[in-house]
Amino acid sequence: AKDKLKEEFYSMRSCMQDLALQSKDLAAAKASLSLDLDKSAKKTHDLTAKMDKMTQQLDELKLEKLDFVVENKDLQQTKQSLTAETAKIVKTIAVAHENLTKARDEISAVKSEKQDLVLQIKGHQAAKSSLESTGDRQAKQIADLSAKLATANEQLE
């Protein structure tokens, strides 16, 4: 019986050492996930700022387009300058429209990337919660094994 108790004691001690190593691994994984979450949050913030800037540029392009339309109406009053100025304005409007389209495409791409980052952050948060839950269970297992070890020590004495 004493040998069996010793064997159980050493087995429990080995389990506790394994759990301690797993706890350290989980803490390192948790720290890595926290760092990833911080990086993702910063990237999301940067992308939001970029999207705001692009939205401002889009508004400016819309105003510029309106200015060209008004200028076009003014140019219709003079037949001599009508042909030359109209061609110039049409070209400028086309460029502004092209820039507007590009800006919309970039905003859509940024929104999509932001959504991907939000999903990634949620995934990291879920993984972090899972790791914390696993750490809590292992801490309970360590406490239970410590209690068993103390009981085994008392029985050995």
Side-chain angles (χ1 to χ4, degrees), residues 1-71 89-157:
K2 189 173 184 179
D3 288 340
K4 188 174 183 174
L5 282 175
K6 278 185 180 181
E7 183 181 315
E8 188 177 350
F9 169 79
Y10 290 120
S11 173
M12 280 190 233
R13 188 170 70 180
S14 176
C15 285
M16 282 184 61
Q17 289 170 343
D18 289 346
L19 286 171
L21 288 174
Q22 288 177 3
S23 249
K24 286 180 183 179
D25 291 345
L26 284 173
K30 181 180 174 183
S32 176
L33 276 174
S34 290
L35 184 61
D36 288 346
L37 281 171
D38 291 345
K39 287 178 183 177
S40 294
K42 183 190 181 320
K43 192 168 185 181
T44 299
H45 179 268
D46 292 346
L47 287 173
T48 301
K50 186 176 180 181
M51 189 171 71
D52 290 344
K53 183 178 179 183
M54 288 180 173
T55 301
Q56 181 182 3
Q57 289 173 342
L58 180 64
D59 291 342
E60 291 171 5
L61 287 172
K62 286 179 183 177
L63 289 175
E64 187 178 77
K65 183 178 177 181
L66 287 174
D67 288 343
F68 289 127
V69 170
V70 169
E71 187 177 331
I89 290 171
V90 168
K91 182 178 178 182
T92 306
I93 288 173
V95 170
H97 183 70
E98 183 178 315
N99 290 341
L100 182 64
T101 301
K102 286 179 185 176
R104 283 183 182 148
D105 291 345
E106 287 179 15
I107 286 173
S108 293
V110 168
K111 283 181 181 177
S112 175
E113 191 173 343
K114 181 179 177 182
Q115 288 173 343
D116 290 346
L117 285 172
V118 167
L119 291 176
Q120 187 180 16
I121 287 171
K122 287 181 181 178
H124 286 316
Q125 288 171 338
K128 181 179 177 183
S129 293
S130 175
L131 283 173
E132 289 173 347
S133 174
T134 301
D136 291 345
R137 283 194 307 268
Q138 286 186 344
K140 184 182 181 321
Q141 287 176 340
I142 288 171
D144 291 345
L145 285 174
S146 292
K148 285 182 181 179
L149 184 60
T151 302
N153 272 338
E154 289 175 11
Q155 290 176 358
L156 281 175
E157 293 176 358

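Hydrogens, waters and symmetry mates are skipped; everything else that's a heavy atom, side chains included, is used. Quick caveat: nothing in here was measured; it's all calculated off a predicted structure.
With sequence neighbours excluded, the residues forming a side-chain contact (heavy atoms from CB on, under 4.5 Å) with L37 are I121, H124, Q125, K128, listed by chain and number. For the side chain to side chain donor-acceptor pair (under 3.5 Å) test, no residue two or more places apart in sequence or in another chain qualifies with Q155. Applying the salt bridge (Lys or Arg N to Asp or Glu O under 4.0 Å) test to D136 and every residue at least two apart in sequence or in another chain returns nothing. Legend: residues meeting side chain to side chain donor-acceptor pair (under 3.5 Å) with Q57, ordered by chain and number and at least two apart, are absent. For S133, the side chain to side chain donor-acceptor pair (under 3.5 Å) test picks out R137, with sequence neighbours left out. Residues forming a side chain to side chain donor-acceptor pair (under 3.5 Å) with K53 (at least two apart in sequence, or on another chain): none.
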Distance-only donor-acceptor pairs under 3.5 Å for side chains of residues 91-98, two or more places apart:
unit_1: T92; atom_1: OG1; unit_2: K88; atom_2: O; d: 2.8
unit_1: E98; atom_1: OE2; unit_2: K102; atom_2: NZ; d: 3.3

Would you be so kind as to tabulate the donor-acceptor pairs closer than 3.5 Å made by side chains of residues 142-152, with sequence neighbours excluded?
unit_1: D144; atom_1: OD2; unit_2: K140; atom_2: NZ; d: 3.2
unit_1: S146; atom_1: OG; unit_2: I142; atom_2: O; d: 2.9
unit_1: T151; atom_1: OG1; unit_2: A147; atom_2: O; d: 2.9

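Between D46 and K50, none of the side-chain N atoms (NZ, or NE/NH1/NH2) sits under 4.0 Å from a carboxylate O, so this pair counts as no salt bridge.
A salt bridge (charged side-chain N to carboxylate O under 4.0 Å, His left out) check over residues 1-12, counting only residues at least two apart or in different chains, returns nothing. The salt bridge (charged side-chain N to carboxylate O under 4.0 Å, His left out) analysis of residues 21-36, with sequence neighbours excluded, yields the pairs K30-E132. For residues 109-122, the pairs satisfying salt bridge (charged side-chain N to carboxylate O under 4.0 Å, His left out) are K43-E113, with sequence neighbours left out.
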Quick one: do L58 and K62 satisfy side chain to side chain contact (heavy atoms under 4.5 Å, CB included)? Show the steps, please. CA-CA 6 Å; L58 180 64; K62 286 179 183 177; 4.1 Å; yes
Begin from the C-alpha positions of E64 and L61 and carry the test side chain to side chain contact (heavy atoms under 4.5 Å, CB included) through to its verdict. CA-CA 5 Å; E64 187 178 77; L61 287 172; 3.7 Å; yes
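Of the possible polar contacts, one joining the T134 side chain to the S130 backbone as a donor-acceptor pair under 3.5 Å is found. With hydrogens and angles ignored, the 3.5 Å screen pairs a side-chain donor or acceptor of T55 with a backbone N or O of M51.
Distance CD/Q138 to OG/S23: 5.0 Å, rounded to 0.5 Å. Interatomic distance, CG of L33 versus OG of S40, reported as 10.0 Å (0.5 Å rounding). If you take CD on E106 and CG on N99, they are separated by 9.5 Å, rounding to the nearest 0.5 Å. If you take CG on L21 and CG on L26, they are separated by 11.0 Å, rounding to the nearest 0.5 Å. For the atom pair L19 CG and C15 SG, the distance stands at 6.5 Å (nearest 0.5 Å).
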